[in-house]
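Take a look at the structure below.
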Amino acid sequence: MLKILFSYAFRNLLRVKLRSFFTLFVISLVFSLFILLTSIAEELSGQITDTLGEKSIDIVVQSKFATTPLTSAISQADGDAISALEDVASATMLLIGKKRLNQKSSLFLLGFSDFGPIAKRLGIGLIKGKPFNPKAREIAIGQKVARVLNLNVGDSLQLDENAPYTITGIYSIGLDFLDASAYIGIGDAQKLLQRPDQAGMLFLSLKNPLHTAQTIASINAAHPKVVAFSSGELLQHLGSTKTVVNFIQLISIVTFVVATAVLLNTLVMTINERTREIGILSAIGWPRRMIIALFGVESLLLSFAGGIMGYLITYPAIWLLDRFPNMGLNFIPDSPSLEMFGVLMLACMLIGVLSALFPALHGTRMTPAKALHHE
Amino acid sequence: MNSLHHTPNLLLRAENIHKAYDGGLIPAINGVSLTLEKGKSYALMGPSGCGKSTLLNIIGTLDFPTAGTVEYLDKRTETLTTLHALRRKAIGFVFQFHHLIPVLTLQENVELPLLADVSTGDVLRRSKATALLQELGLGHKKDEYANRVSGGERQRAAIARALINDPLLVLADEPTGSVDSKTAELILEKLLDHTRNVEGTLLIATHDEAIARLADTIIRMKDGRITHVEERDGAA
């Protein structure tokens, strides 16, 4: 019975080939967009939380109401006082800013108070050259900067009107936004970014991580201009990043609504055209639920085919986006995850059922006699 | 024919059936009562628009009367919660224009009513459909799609679909209206054979006097009313 039901549904989809094709085409694109956007949102939030989450950094401090690390400003006095707390094993101050190199390109400057230990903790691996000396106008760059700007160890990088910086090493961490940065001593960063005696963020490792909550409470109580939180909560405190992630997720939901609307539209047309057929099936004794199931199968075939095609389309889409690094799309994943495929299949099922249910319920409401005479 | 007394062979009783469309503005049937007995064939005659098809639809539970009742084997149909089961198991409907599903083969079309019956297995369903198609001379066309065969072949397949459940009541609305005389003869022969074999009832709406004369009883309608009932002896 199921075989005939599926075969019947499949052949029905082939009745109006062009409509089925375009429905499938649009659904595939929409699903592909959904996967891409969700993956980007996951990658973005994942990179930020992963960066610190499992890297022995217990507490992050930034200025109150800062929406990005770029706008955060912690005074030297606050930074020094927090670093000197009894529970703090090590503290690293970071100043981030965007530095324009010329009319076409710019990069992120990451100025660290103590680059060695934090690089080790964050897993920033030296793939070429040696670490920079913060006292000798030296700089290290991420591998993406090296690739895009065609720079190598020993080359010079002009960042201000003074003598250029010498590139001593190329680093890789596997996180796009860090690989697209240059690393420098915090003193130089303060001068280059014209933010004297300031740090953007403060990373603390505690002697005893179990004291994290009480240390956070004491920092927040003693320093009203800053906010301290555990490293896992970083994303919640990066307002604009959170907004971007939320916005991407919102667009993902919209793509879902669009997919449902496209499928619903197709099903409404299909069922309206086949009202007489509904009358026939009803007249020969098919129960209403079976007729609804038939349209449900058609809808599910379309949505699952669209889902699978959409998933497959994502691979060439990612490949294509990766060819244009200058677009600034730094959070494109290497490939869509299998977990995402599972989510997509669940979504396909939901969309398929929802899209079929309304028109099928409506279409099977009339008497068989009326349906048989439907024009 | 119009009496309400109990008959041992009573299959269906329709009592004081009224049907009007558009909120009562267009009357189609005005107070029709009739009984149908097992083992008998009936021809329903009358000019176009006299209410034949509407009456067949109501008797076949494809439509509801505006007033009046229909009893099938002493059960009022409007009280049944599973009308579809009654249609599937007890009633075979033959439409004037076959109403086959074009994307299905003749075999699949004939199997359709049994698909909804979980108690019928795949093998039995297929063999019954194949046998019926062979009886109707369509054995060689069973795998053809319905939209690829002639009108006569479609109508024969529609007959097979109506009979696959061995229904006690077969309702045929101008079943030979769109086929040639040879096919018409085959169709009528099959319908009458079935009626005899299952001790069932055939009610056939027709314009054709010659076809009507094959039935045991001819019921004539005009303007939504039964005007004359003719019991015939020695019908086919």
Side-chain angles (χ1 to χ4, degrees), chain A residues 1-20 266-267 269-299 301-302 360-361 363-375, chain B residues 19 21 28 53-65 81-105 107-118 120-122 125-126 129 145-147 158 161-162 164-165 167 171 173:
Chain A
M1 179 184 128
L2 268 178
K3 192 182 162 195
I4 291 190
L5 207 63
F6 269 89
S7 163
Y8 185 6
F10 184 69
R11 280 180 243 169
N12 277 329
L13 291 176
L14 294 180
R15 269 185 192 185
V16 191
K17 290 190 187 78
L18 205 61
R19 184 168 66 206
S20 296
T266 300
L267 263 289
M269 281 195 286
T270 301
I271 289 174
N272 193 42
E273 283 164 4
R274 282 162 47 202
T275 303
R276 188 179 291 181
E277 200 171 301
I278 291 173
I280 297 168
L281 295 173
S282 189
I284 62 173
W286 273 36
R288 194 180 179 201
R289 65 170 189 281
M290 203 165 150
I291 300 171
I292 292 169
L294 173 69
F295 289 107
V297 169
E298 283 185 42
S299 180
L301 278 176
L302 264 180
L361 280 172
T364 51
R365 202 181 290 156
M366 59 181 81
T367 63
K370 196 174 174 187
L372 282 167
H373 290 99
H374 189 266
E375 292 298 327
Chain B
K19 180 69 183 180
Y21 296 103
S53 296
T54 304
L55 185 59
L56 281 188
N57 284 342
I58 289 170
I59 287 173
T61 72
L62 302 188
D63 206 353
F64 298 105
T81 51
T82 51
L83 275 180
H84 58 85
L86 176 70
R87 284 198 288 270
R88 187 173 69 243
K89 291 175 182 165
I91 303 172
F93 222 106
V94 184
F95 306 97
Q96 185 176 358
F97 298 106
H98 63 80
H99 283 329
L100 296 181
I101 308 290
V103 293
L104 297 182
T105 63
Q107 168 91 17
E108 287 165 342
N109 265 289
V110 176
E111 287 181 32
L112 275 180
L114 287 179
L115 275 181
D117 191 353
V118 285
T120 309
D122 288 356
R125 187 183 71 236
R126 276 189 215 118
Y145 285 103
N147 57 357
R161 184 181 63 188
I164 194 159
N165 269 322
L171 304 168
D173 191 0

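Convention: sequence-line order gives letters A, B, ...; per-chain numbering from 1. Keep in mind that this is a model prediction, so the values were computed, not measured. Just the heavy atoms: all of them, side chains too, but no hydrogens, waters or symmetry mates, feed the values below.
Minimum heavy-atom separation, B/Asp63 to A/Ala369: CB-CB, 3.7 Å. Contact record, A/Gly285 with B/Ala116: O-CB, 4.0 Å, taken as the closest heavy-atom pair. The two residues A/Ser7 and B/Glu108 make their nearest non-hydrogen contact at OG-OE2, 4.3 Å. The nearest pair of heavy atoms linking A/Ala283 to B/Arg87 is O-CD, 3.6 Å.
B/Asn57 is listed as a side-chain neighbour of A/His373, based on a closest heavy-atom distance under 4.5 Å. Under the 4.5 Å side-chain criterion, counting only non-hydrogen atoms from C-beta, B/His99 is in contact with A/Arg276.
If you measure heavy-atom distances from A/Leu281 to chain B, the contacts under 4.5 Å come from the side chain alone. Heavy-atom distances place no part of B/Tyr21 under 4.5 Å from chain A, backbone and side chain included.
If you tally non-hydrogen atom pairs under 4.5 Å between each of B/Thr61, B/Thr82, B/Thr54, B/Val103 and chain A, the highest count goes to B/Val103.
Environment of CZ in A/Arg15: crowded, with over 12 heavy atoms of neighbouring residues, nucleotides or ligands closer than 6.0 Å.
Atom NE2 of B/His98 sits about 8.5 Å away from atom CD1 of A/Ile280, to the nearest 0.5 Å. Note: A/Leu294 CG to B/Leu115 CG = 10.5 Å, rounded to the nearest 0.5 Å. In this structure, CZ on B/Arg88 lies 11.0 Å from CH2 on A/Trp286, to the nearest 0.5 angstrom. The line from CG of B/Leu83 to OG1 of A/Thr367 is 11.0 Å long, rounded to the nearest 0.5 Å. To the nearest 0.5 Å, atoms OH (A/Tyr8) and CG (B/Leu112) are separated by 6.5 Å. A distance of 5.5 Å separates CG of B/Leu104 from CZ of A/Arg11, quoted to the nearest 0.5 Å.
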